[in-house]
Protein chains: 2
Amino acid sequence: MARAGLNTERLTRAGAELADEVGFDQVTVSALARRFDVKVASLYSHVASSQDLKTRIALFALDELAGRAAEALAGRSGKQALAAFAGVYRDYARDHPGRYAATQLRLDPETAAASAGRRHTELARAILRGYDLAEPEHTHAVRLLGSVVHGYLSLELGGAFSHSAPAPEQSWPRIVDALDALLRNWPAS
Amino acid sequence: MARAGLNTERLTRAGAELADEVGFDQVTVSALARRFDVKVASLYSHVASSQDLKTRIALFALDELAGRAAEALAGRSGKQALAAFAGVYRDYARDHPGRYAATQLRLDPETAAASAGRRHTELARAILRGYDLAEPEHTHAVRLLGSVVHGYLSLELGGAFSHSAPAPEQSWPRIVDALDALLRNWPAS
DNA sequence: GCCATTTGCCTAAAGGCATTAGGCTGCTGC
DNA sequence: GCAGCAGCCTAATGCCTTTAGGCAAATGGC
């Protein structure tokens, strides 16, 4: 009987692709087994559970996205950096909706601590170096930045903007402009 | 055999409570049947499917939340209105996490059109009347506002802020300050 | 008050996913 | 060449969804 050559990493990657195709919450051990033309039970040698599989996909996506963001930030600062950073997230969410959804999976504390989550925060914090914010405001600004980007993409992917003009494409650059303006004019506390 | 007195509305409300207790994606026809001490199949006279149940909970939550937001906005304007509006969303998300999650359910176009979704947009738009924005910018500002609030709550509920100081409680008022500042200083296009 | 009809809940059954236990076999290294 | 491991399989259980068909409780016209 020919072997399929499964392993945890291949399953994780295939799971990410599957997520992009059918949606992250449709990712199932069964569906993944079908994709490899293998019986369901066979996957359990490589992933502990359905939850484990999803967690691996989430960590994979978080890492991949952090990598792209870091690349986009290299050599840029100020509004350029801001726009590039936001653009990477948006492109990722559009090109890989399932993986993007995976990044929102709630992770338990230790897993989260070991994830690329912190890298995302650090990257956002790096953008602030191009603006003149007092140190104690950095955390708030990072959270705002993350909220806007994540909120926008989440609403856009959810179709919240698709039933009113103008198209989301028109709003996005204005949102980036607004964020830039806000960071240049951060209110005193 | 005594009858349980089920009907679509009671099921929807109980489903909303269940969602708050166990999480929206744990809401299941079976769990709801157990809650009423009734056999699973019995629910199918009142809801068409699991999907239908979830949609009804989402519509219920959307409506309830719009009602609270409208109440909070009454008689307020400017930053007061902004803070009240954001506060309502945040309180709702914290008090009713399952229902809040339900509001993010992706609805098909017709259902979405018939939902309270539009009321949410109108309320956000009403807040802008207290600021001096050119009309064509309103849509962008509404989307930004929605993105920030939704994004923040989504990240906060997801625990994204819970592993770094300071606590989300500290950031929230600063975010509202920042939004207010941004709306007063909206960048020219 | 009586019965016909509707309505509400039930039993039964099929199909899908998750997960565990235990078995067979192709591969690897000595 | 073979011992042992690793990788995939069969089998079985339990839970969830959904449909079909049945019986009994409520309802309303008489």
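In what follows, chains are A, B, ... by sequence order, proteins preceding strands, each numbered from 1. Note that the coordinates shown come from a computational prediction; the quantities given were computed from them, not determined experimentally.
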S.K.: Please report the distance, rounded to the nearest Å, between NZ in B/K39 and P in C/dC9.
M.R.: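 Going from B/K39 (NZ) to C/dC9 (P), I get 14 Å.
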
S.K.: Out of C/dT19, C/dC9, D/dT17, which has the shortest distance to the side chain of B/S42?
M.R.: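 Selected nucleotide: C/dC9.
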
S.K.: How far apart are the closest heavy atoms of A/D20 and A/P97, and which atoms are they?
M.R.: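 Answer, listing the atom of A/D20 first, then A/P97: OD1-N, 3.5 Å.
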
S.K.: Distance check, rounded to the nearest 0.5 Å: A/N7 atom CG versus A/R13 atom CZ?
M.R.: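 CZ of A/R13 is found 10.0 Å from CG of A/N7.
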
S.K.: Where the side chain of B/V38 is concerned, which of C/dA18, D/dT18, C/dC10 is the nearest nucleotide?
M.R.: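 Of the candidates, C/dC10 comes closest.
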
S.K.: In whole Å, I'd like the distance from the CZ atom of B/R10 to the P atom of C/dC9.
M.R.: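 Result: 9 Å.
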
S.K.: Could you please name the option among D/dT17, C/dT20, D/dA20 that lies closest to any side-chain atom of B/A41?
M.R.: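 In terms of side-chain proximity for B/A41, the closest of D/dT17, C/dT20, D/dA20 is D/dA20.
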
S.K.: Using OP1 and OP2 only, check whether a side-chain N or O of A/H46 sits under 4.0 Å from D/dC8.
M.R.: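 Result: yes.
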
S.K.: B/S45 has a side chain; which of C/dA21, C/dC9, D/dT17 sits nearest to it?
M.R.: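 Between C/dA21, C/dC9, D/dT17, the one nearest the side chain of B/S45 would be C/dC9.
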
S.K.: Return each pair, listed once, that meets ring-ring contact (aromatic ring centres under 6.0 Å, His included) where at least one residue sits in residues 96-134 of chain B; pairs must be two or more places apart or across chains.
M.R.: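 Listed by first then second residue: B/Y89-B/H120, B/Y92-B/H96.
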
S.K.: Side chain of B/Y44 only, heavy atoms from C-beta on: which candidate in C/dT19, C/dC9, D/dT18 is closest?
M.R.: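 The nucleotide sitting nearest to the side chain is D/dT18.
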
S.K.: Rounded to whole angstrom units, what separation is found between the CG atom of B/L43 and the P atom of C/dT7?
M.R.: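 The answer, rounded to whole Å, is 18 Å.
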
S.K.: Rounded to whole angstrom units, what separation is found between the CG atom of B/L18 and the P atom of D/dC16?
M.R.: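 Nearest whole value for this atom pair: 12 Å.
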
S.K.: Which nucleotide in the set D/dC16, D/dC8, D/dT18 lies at the smallest distance from any side-chain heavy atom of B/T28?
M.R.: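 Closest of the options to the side chain of B/T28: D/dC16.
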
S.K.: Just the rounded figure in Å: distance from C1' of D/dC16 to CD of B/Q51.
M.R.: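 Rounding to the nearest Å, CD of B/Q51 and C1' of D/dC16 are 15 Å apart.
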
S.K.: Among C/dC17, C/dA18, D/dT18, find the nucleotide with the atom closest to the side chain of A/R34.
M.R.: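 Closest nucleotide to the A/R34 side chain: C/dC17.
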
S.K.: If hydrophobic clusters are built by linking Ile, Leu, Val, Met, Phe, Trp and Tyr wherever their side-chain heavy atoms come under 4.5 Å apart, do B/L105 and B/L65 end up in the same one?
M.R.: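 No, B/L105 does not connect to B/L65 through the hydrophobic network.
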
S.K.: Distance check needed: D/dC9 C1' versus A/D37 CG, whole Å only.
M.R.: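 Answer to the nearest Å: 13 Å.
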
S.K.: Report the distance from atom CG of B/D52 to atom P of D/dC16, rounded to the nearest whole Å.
M.R.: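 Whole-Å distance recorded here is 19 Å.
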
S.K.: Would you kindly say whether B/T8 and B/H46 are connected by a side-chain donor-acceptor distance under 3.5 Å?
M.R.: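 There is no such pair (donor and acceptor under 3.5 Å, judged by atom type) between the side chains of B/T8 and B/H46.
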
S.K.: Starting at atom CG of A/N7, determine the distance to atom C1' of D/dC8, rounded to an integer number of angstrom.
M.R.: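 Nearest whole value for this atom pair: 14 Å.
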
S.K.: Hey, does the side chain of B/S30 come within less than 4.0 Å of D/dC15's phosphate (OP1/OP2), counting only N and O?
M.R.: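 B/S30 to D/dC15 OP1/OP2: no side-chain N or O under 4.0 Å.
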
